[in-house]
Every structure is written in C-alpha cells, then in structure tokens.
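Data first, discussion second: the structure below is written as structure tokens.
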Amino acid sequence: MKNYELSLTEMNRLVKWYNKNKRDLPWRNTGDAYDVWLSEIMLQQTRVEAVIPYFLRFKDALPTIPSLATVEEDTLLRLWEGLGYYNRVRNLQKCAQVLIQRYNSQLPQDYESLLSLPGIGPYTAGAIGAIAYGKPYAAVDGNVLRVLARYFGSKEDIRKPQVRKQFEICIQDYYQKIQKGIEKDKNYIPSFTQVLMELGALCCIPNGMPNCKDCPLKKTCISYQKNLYDSIPYRSSLKDRKIIHRTLFLIRCGNKLLIHKRPNKGLLANLYEFVGVDSSFTKKESLLYIQDLGFEPLHISLLPNSKHIFSHVEWHMKAYEVEVSEIYSLKKDYRFVTKKELQSLAIPSAFKTYLDYYNLRD
Ligand code: SF4
C-alpha cells in the first residue's frame with residue numbers, strides 16, 4: 001500500500017482558501033448534525049445546486065429527528081421524489097427511529113456507533129463525525145478521491161477499496177501529526193474535511209479540465225505540474241447495465257388515470273407507477289393485456305419513447321395512452337386517481353416523460 005503524506009503548510013493554505021471561498025450552503029455552519037447527515041445522504045449522486053431546494057423543503061417539513069422518525073411513508077417519499085434511490089430516504093427514517101430508541105434522538109459522535117446505524121456507511125460516518133463534531137475521522141467521497149489522486153499523481157484505479165483506504169489513512173496520519181493544533185482549533189477538522197469536497201466541486205472538477213489556476217494546491221500538485229489531469233483519476237469501467245424493454249399503459253377513464261403500487265421489495269419498492277410490463281408490446285398485444293386487466297379499451301395511441309438509467313439497470317420504455325370505458329372492479333394495488341391526487345403521490349422520476357405529458361409536475 002502506498003504511503004501518501006500531506007504537508008502542514010500546504011494544508012493550512014488549503015483551509016485558509018476554504019474560509020475565504022466556501023459557498024454559503026444551508027446545511028453549513030448550522031451546528032446541527034441532522035443537517036450534515038441529511039445533506040450528505042442527499043448529495044450522494046446529486047449536485048449541490050440540485051440538492052438545495054430539496055434540503056430546504058425537507059427540513060421545513062421535518063425539522064427534527066423525531067419528526068422524520070414518525071412521518072407517514074407516502075409523505076416521506078413525496079419529499080424525496082426526484083432525488084431517486086428511495087432506499088436512502090427509507091433508511092433515513094429507520095435510522096431516525098433507532099436514534100430515538102437508543103441515542104436520545106441525537107446522532108452519536110463515535111465512528112463505530114455511527115457506522116452501526118441504518119444507511120450510514122464509512123463515508124457518511126466519517127463526514128458526520130468530522131463535520132458536525134470535529135472528530136479526526138476521514139471522509140473520502142468521489143470528490144475527495146479525485147482531488148487526492150490528482151494531487152499525488154496516483155494512477156491507481158479509484159474503484160478499488162484499497163485506494164480509498166490509502167487516502168483515508170493519509171488523512172488520519174495527517175490528523176495525528178497535527179494533533180495539538182487540532183485541539184486548539186475546533187473548526188480545523190470540519191473545515192479541512194469540507195475543503196477537500198469543495199475543491200473537488202469548484203476547482204478539481206470531474207469530466208473536463210480542472211480550474212488549476214485558482215487552486216490553492218497548484219504549487220505542489222503533481223497532476224498540475226505534469227499535466228496529468230485528463231488521465232487521473234483512473235477509474236475502471238463498470239460491467240454493462242442490464243437493459244429492460246418495458247411497455248407502459250397510461251390507462252384513462254374520464255379524468256382519472258390508473259396507477260399501481262409496486263411491491264414492497266426490489267426496485268422502487270412501494271412507490272406508485274403507471275401500469276407496465278417488462279416487455280415491448282405491440283398495439284395488439286397491449287389491447288389484449290388491457291382486456292385481461294378487466295377493461296374495455298375504447299381508444300389507444302402510442303406516446304413518445306423514453307429511457308431511465310438506474311445504477312445497474314436501464315429501462316427502455318414505450319408507452320400507450322389507453323382510454324377505457326367504465327371501471328367495474330380493480331385488482332389489489334391498482335387505483336384510479338385524479339390529476340390532483342396523482343400530484344400528491346410519490347412517483348419515481350423514471351416516469352417523468354409521461355408525468356410531463358400530463359403536465360403533472362410543477
Ligand atoms: S492543481 Fe489542478 S489538478 Fe491539482 S488539485 Fe488543484 S485543481 Fe486539481
């Protein structure tokens with residue numbers, strides 16, 4: 001394992017840069033561990049600018065850990081709608097319930113306790129401990145991996161757990177080296193943790209040329225000196241995603257649309273969706289399917305195709321709008337709803353094209 005070392009002079013320059021250049025974000029400097037936790041979960045896979053309105057709306061509706069623990073699932077999912085990865089918000093709620101039972105409705109400070117909570121992995125445990133409580137824990141996310149890999153000129157595969165581990169050790173060793181300074185300045189670790197993330201968002205950006213001329217690390221950055229920024233970080237490619245061809249049916253009866261609640265396990269568990277099958281149906285097959293559901297189709301028309309990418313699966317969707325005559329009886333987990341009712345339900349962004357079709361989103 002390689003041994004990377006951070007220099008005090010350079011890192012102090014970095015922290016000063018942070019204090020001058022940091023963005024004013026609603027979860028920063030509130031002194032509330034709930035804010036750090038919630039923002040870190042929301043920021044996984046989503047950009048800061050996109051997260052801000054979600055964060056404000058969520059905190060407005062659920063300002064405390066007890067309010068998060070007790071909110072109805074439908075409301076919770078609605079607040080998360082658009083961020084995707086719904087298991088994250090379910091785990092937030094599970095975690096809040098554990099915090100009430102075991103930790104007096106507070107997030108604990110020590111790393112092992114944080115790590116034992118639902119939905120909290122090594123990165124989030126490190127981020128909560130370091131940012132909210134000033135503990136000497138490393139929090140290495142994708143931004144930090146990129147910054148440090150470029151800074152040290154590391155060409156190793158950042159998908160490998162041992163590469164992340166190397167950088168975690170590097171940060172922990174640095175904290176040990178400057179222990180006395182940390183004890184004097186309680187803001188040092190929160191600032192240092194956030195500057196590595198901030199640098200990755202403002203200077204050492206992904207997918208393109210980093211903004212090295214404004215970077216406080218440029219004097220000693222190996223990628224800058226050797227012009228390596230486009231080959232570092234190196235990330236091996238993931239295996240191809242599985243492609244699933246789907247057909248959706250937007251079944252309309254008068255001013256109501258048919259929706260279906262997905263099973264309580266698996267992809268998009270417990271969320272509402274338009275009725276669909278995991279296959280590409282012709283118009284004729286679609287009409288037969290709709291009759292099997294117990295409806296009399298009056299009119300069918302093809303809608304535009306759409307695609308949604310999950311982490312390991314891609315849905316390639318075609319869709320039909322189908323007008324049906326009267327509703328007699330409905331199978332379990334199916335219901336007809338008005339536009340207004342539909343707007344109050346959690347519908348995954350996978351169906352955005354068709355929600356937009358009905359102007360169902362703001
Ligand atoms: S100098 Fe450039 S490549 Fe190096 S850390 Fe800064 S932004 Fe990244």
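As the structure lists them, so they are numbered: ligands from 1, and atoms in each ligand from 1. By convention here, the first residue in the shown sequence is residue 1.
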Just jot down the ligand 1 atoms closer than 4.0 angstrom to any heavy atom of C221, in number order. 1 (S), 3 (S), 4 (Fe), 5 (S)

Identify the protein heavy atom lying closest to atom 8 (Fe) of ligand 1, giving its residue, its atom name and the separation to 0.1 Å. C204 SG, 2.4 Å

May I ask you to decide if R23's main-chain N or O and E198's side chain share a donor-acceptor pair within less than 3.5 Å? yes

Report yes if some heavy atom in the side chain of T353 is under 4.5 Å from a heavy atom in the side chain of D356; otherwise report no. no

Assign the ring pair Y289 / F249 to parallel, tilted or perpendicular, where the plane angle (0 to 90°) is split at 30° and 60°. parallel

Do Y86 and L267 have side chains that get closer than 4.5 Å, going by heavy atoms? no

Under 2.8 Å from atom 8 (Fe) of ligand 1, is there any N, O or S atom belonging to C212? no

Which of the ligand 1 atoms, numbered from 1, are nearer than 4.0 Å to a heavy atom of K218: 1 (S)

Side-chain contact, heavy-atom cut-off 4.5 Å: L99 with W37? yes

Element-labelled atoms of ligand 1 that are located less than 4.0 Å from some non-hydrogen atom of Y224: 1 (S)

Which residue and heavy atom of the protein sit nearest atom 6 (Fe) of ligand 1, plus the separation: C215 SG, 2.4 Å

